[in-house]
Amino acid sequence: MQAWRVHRNGEPGEVMRLEETDRPTPGDGQVLVEVRAANVNFPDALLCRGQYQVRPPLPFTPGLEVCGTTEDGRRVLANPVLPHGGFADWIVADEAALLPAPDALDDAEAAALHVGYQTGWFGLHRRAHLQPGETLLVHAAAGGVGSAAVQLGKAAGAKVIGVVGGPDKAAVARELGCDLVIDRRSEDIVAAVKEATGGRGADVVYDPVGGDAYTKSTKCIAFEGRILVVGFASGVIPTPALNHALVKNYSVVGLHWGLYNTKDPAAVRACHEELTKLAEQGIVKPLISERVAMAGTADAVQRVADGTSTGRIVVLPGDAR
């Protein structure tokens, strides 16, 4: 079979190589899954760089979520067991963690429904307790993680403010349903949020960026607001001033969604059932900006790493898909 493999750490476009290799062998409690679509995530770039919280042994195949078919014909969503990641023709996955792929979504959309939307749902509902009528500020609103948070925020009845970089991404954010879009390159985020909320600020901030985005968030967070720390796509991990959180009476809330797979797998399944219902109703639909062939995988991961993509890029290994 074909698989993209990383033999040394570095930038995805430099270290990912498409190779012929043997199919992985399932262990106890695992199943073999043929990949129909593999979603590209920012952590794939971190894996290549050796900067992710999980560091598989070299060589490894990146790719954290797929839509595929089991040997007994089930169409499923799966998180591949590293080092045999999803940018390959076949993966192995834990049987107990497989989720049924929603019939309302095609393979590419289904692959993109999993990690990003689960992260958004757990972040907004389990960690931040977003309420109808509250204001949600989403950084990188046109990206894969941000676009999911925008849709889930609207589904929850929130007023959604999206922050983006550039007019093209602003147009995408508006199409997603943002009530207000702020272009961080040409507008003052803090002033715009305060103006839009009558000086109150955002009740919940969804931050997959870190760095300056986090700093700006602390300046426009509402009384009893919650800043959700989801990731650090900027490459800069903030150092929160806890005296500021005390004085302004807001919370800084961390979210590592992967922990729920081991700590509370029943909650992951319940979330998937809710997401499936929302997909069936057309309330959420993953924004797929590109569907690329297997040969374009390394370039796709690099573009996500560089922050030049919008929505989700999905790899389709099979020629007929």
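For the single chain, residues carry numbers from 1 onward in sequence order.
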Apply side chain to side chain contact (heavy atoms under 4.5 Å, CB included) to the pair Thr297 and Val301, showing each step before the final yes or no.
CA-CA 6 Å; Thr297 304; Val301 176; 4.3 Å; yes
Here the pair of heavy atoms bringing Arg312 nearest to Gly144 is NE-CA, 3.5 Å
Test: Glu109 and Lys285 ion pair at under 4.0 Å
yes
Is Asp179 salt-bridged to Lys154, going by a charged N under 4.0 Å from an acidic O?
yes
Nearest atoms (heavy-atom pairs only) where Leu228 meets Ala128
CD1-CB, 3.7 Å
Name of the residue among Val160, Val229, Val145, Ile227 meeting side-chain contact (heavy atoms from CB on, under 4.5 Å) with Tyr206
Val145
Checking Asn9 side chain against Cys48 main chain: does a donor-acceptor pair fall under 3.5 Å?
yes
Nearest heavy-atom contact between Met294 and Gln2 is CE-O, 4.0 Å
Please report the C-alpha distance between Gln151 and Tyr117 in whole Å, then the side-chain angles of each, then the deciding distance to 0.1 Å, and finally whether the side-chain hydrogen bond (donor to acceptor under 3.5 Å, both in side chains) criterion is met.
CA-CA 9 Å; Gln151 292 182 0; Tyr117 280 84; 2.7 Å; yes
Those residues at least two apart in sequence (or on a different chain) that pass side-chain hydrogen bond (donor to acceptor under 3.5 Å, both in side chains) with Arg23 are none
Is any side-chain N of the basic residue among Lys216 and Asp188 closer than 4.0 Å to the acidic one's carboxylate O?
no
Please identify each residue that fulfils ring-ring contact (aromatic ring centres under 6.0 Å, His included) with Trp121, with sequence neighbours left out.
His125
Check the pair Glu95, Gln30 against side-chain hydrogen bond (donor to acceptor under 3.5 Å, both in side chains), reporting the backbone distance first and the verdict last.
CA-CA 5 Å; Glu95 170 72 46; Gln30 296 179 336; over 6 Å; no
Heavy-atom closest pair, residues Pro102 and Leu113:
CG-CD2, 3.6 Å
I want to know whether Tyr250 and His244 have ring centres closer than 6.0 Å.
yes
Test: Arg49 and Glu14 ion pair at under 4.0 Å
no
Determine, for Asp264 against Arg126, whether the closest basic-nitrogen to carboxylate-oxygen distance falls under 4.0 angstrom.
yes
Is the shortest distance from a Lys or Arg side-chain nitrogen in Lys248 or Glu224 to a carboxylate oxygen in the other one below 4.0 Å?
no
Tell me if a side-chain donor or acceptor on Ser289 pairs with a main-chain N or O of Gly311 at a distance below 3.5 Å.
no
